Amino acid sequence: MKYRVFAANWKMNIGPLEAREYLRSFFSAGQLPRGCGVWFFPPAVSVEAVARGVAGHDNIAVGVQDIYWEPKGAFTGAISGAIASQAGARMTLVGHSERRHVFGETDEQTGKKVAAALAADLSPLLCVGETLAQREAGETIAVISRQLEAALAGRAAGQSRVTVAYEPVWAIGTGRNATPQDAADVHKEIRAWLAKHAPGIVRILYGGSVNLKNVAQLLAEPELDGVLVGGASLDPHGWAELVRTGAA
Ligand code: 13P
């Protein structure tokens with residue numbers, strides 16, 4: 001059976017008190033299936049609560065949603081990889097489309113964050129994806145190649161710790177997921193780019209309106225090594241069911 005990753009991006013939801021309650025409900029839904037990993041990306045202030053709550057579960061990991069690239073200093077409001085790590089994070093999202101499009105993060109900045117994450121011993125989950133306008137203009141592959149290049153070029157060391165997530169911006173939070181074929185087509189292109197420029201990276205997740213109804217169909221596509229889920233990860237029972245359905 002193929003190993004699959006189920007990554008939950010809680011975005012700006014679920015504080016530390018709610019996180020404890022969430023995990024109680026999540027675990028009460030029963031054993032996780034074998035052959036899969038579950039990764040939680042809570043808000044930074046909830047990381048410690050989640051890390052404590054999942055301690056002892058080897059197939060569950062915790063990460064932050066973003067880090068700043070400087071290791072420490074006068075950067076009010078920012079957190080470094082080392083600080084995230086102290087709180088229990090083992091991973092970090094980098095370049096999520098909301099960082100890029102709501103907060104104006106550039107390709108160059110995502111590159112610095114990948115480097116900072118690796119330096120702090122955090123595994124980066126690098127998000128790439130095109131907007132609807134870019135897709136309609138036939139620029140999907142060019143945009144994604146540029147994002148990959150900016151984030152990964154010259155970062156051979158630690159490459160094997162990076163996972164890529166393909167998240168088309170038009171599919172995020174819209175209820176409009178890419179079809180399994182759409183996703184697989186882009187995953188193939190990403191895989192070809194990685195084979196050439198960053199051969200240490202082997203895992204590609206799909207994200208964008210993944211839910212209980214479409215997860216099995218998406219993961220039936222062998223190009224997808226897992227899913228990165230926003231809205232459908234916020235309910236603990238629903239998330240446990242999604243993991244079980246996708247891993248089956
Ligand atoms: P939704 O699953 O809510 O579309 O969000 C996807 C996402 O952005 C995960 O990082």
Side-chain angles (χ1 to χ4, degrees), residues 4-14 19 22 26 36-44 46-47 50 60-67 84 89-105 110 113-114 117 122-132 134-135 140 143-144 147-148 151 162-180 182-183 186-187 190 203-219 221 224-246:
R4 293 217 172 78
V5 171
F6 296 84
N9 175 8
W10 288 353
K11 307 192 179 183
M12 201 171 73
N13 300 285
I14 311 185
Y22 179 108
F26 177 70
C36 73
V38 175
W39 300 351
F40 286 109
F41 294 92
S46 303
V47 163
V50 177
I60 304 183
V62 186
V64 276
Q65 298 172 10
D66 186 40
I67 57 166
R90 296 289 166 263
M91 333 183 73
T92 180
L93 297 179
V94 178
H96 187 275
S97 80
E98 285 142 25
R99 297 305 313 172
R100 294 178 192 265
H101 296 287
V102 180
F103 298 99
E105 186 170 305
T110 63
K113 289 182 180 186
V114 169
L122 295 178
S123 301
L125 174 46
L126 170 67
C127 305
V128 297
E130 82 287 5
T131 63
L132 186 58
Q134 289 165 334
R135 170 162 278 250
T140 299
V143 167
I144 288 169
Q147 292 171 338
L148 290 169
V162 179
T163 299
V164 172
Y166 169 53
E167 295 207 305
V169 180
W170 48 269
I172 295 178
T174 59
R176 181 182 166 194
N177 64 290
T179 64
D182 283 343
V186 178
H187 279 223
I190 293 174
R203 198 175 272 151
I204 309 173
L205 314 185
Y206 166 77
S209 295
V210 176
N211 59 37
L212 188 57
K213 291 206 174 82
N214 59 26
V215 68
Q217 225 190 346
L218 284 160
L219 287 176
E221 177 48 65
L224 276 62
D225 299 307
V227 286
L228 175 55
V229 183
S233 71
L234 296 178
D235 171 67
H237 284 287
W239 177 237
E241 205 179 338
L242 188 151
V243 172
R244 221 162 269 127
T245 304

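Atoms within a ligand are numbered from 1 in the order they appear, just like the ligands themselves. Computed from a prediction, not measured in an experiment: that's the story for all the values here.
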Short list, please: which atoms of ligand 1 are under 4.0 Å from a heavy atom of Ala171? 4 (O)
Determine whether a donor-acceptor pair (N or O, by modelled atom type, separation under 3.5 Å) exists between the side chain of Ser209 and the backbone of Ala171. yes
Check the angle between the aromatic planes of Phe26 and Phe40 and answer parallel, tilted or perpendicular using the 30° and 60° thresholds. perpendicular
Do Gln65 and His96 get their side chains close enough for a donor-acceptor pair, meaning under 3.5 Å? no
Is it true that Ala232 lies under 4.0 Å from ligand 1, counting heavy atoms only? no
Give a yes or no answer on whether the side chain of Ser46 reaches the backbone of Ile14 with a donor-acceptor pair at less than 3.5 Å. yes
One finds that the ligand 1 atoms under 4.0 Å from a non-hydrogen atom of Lys11 are 5 (O), 6 (C), 7 (C), 8 (O)
Where ligand 1 meets Ser209 - atom numbers and elements under 4.0 angstrom, heavy-atom basis: 1 (P), 2 (O), 4 (O)
Report the part of Ile172 (side chain from C-beta onward, or backbone N, CA, C, O) that has a heavy atom under 4.0 Å from ligand 1; answer both or neither where that applies. both
For Gly231 and ligand 1, does the shortest N/O to N/O distance drop below 3.5 Å? yes
Regarding ligand 1, does Glu167 bring an N or O atom to under 3.5 Å of one of the ligand's N or O atoms? yes
Has the side chain of Arg4 got a donor or acceptor atom that lies under 3.5 Å from a matching backbone atom of Leu219? yes
So does Pro168 get a backbone contact from the side chain of Tyr166, meaning a donor-acceptor N/O pair under 3.5 Å? no
Return yes if some donor-acceptor pair links the side-chain N/O of Gln147 with the main-chain N/O of Gly129 below 3.5 Å, else return no. yes
So for ligand 1, is Gly208 a polar contact partner (N or O within less than 3.5 Å, distance only)? no
I need the nearest protein heavy-atom contact for atom 2 (O) of ligand 1: residue, atom name and distance, please. Gly230 N, 2.9 Å
Check for me whether Gly207 has a heavy atom closer than 4.0 Å to any atom of ligand 1. no
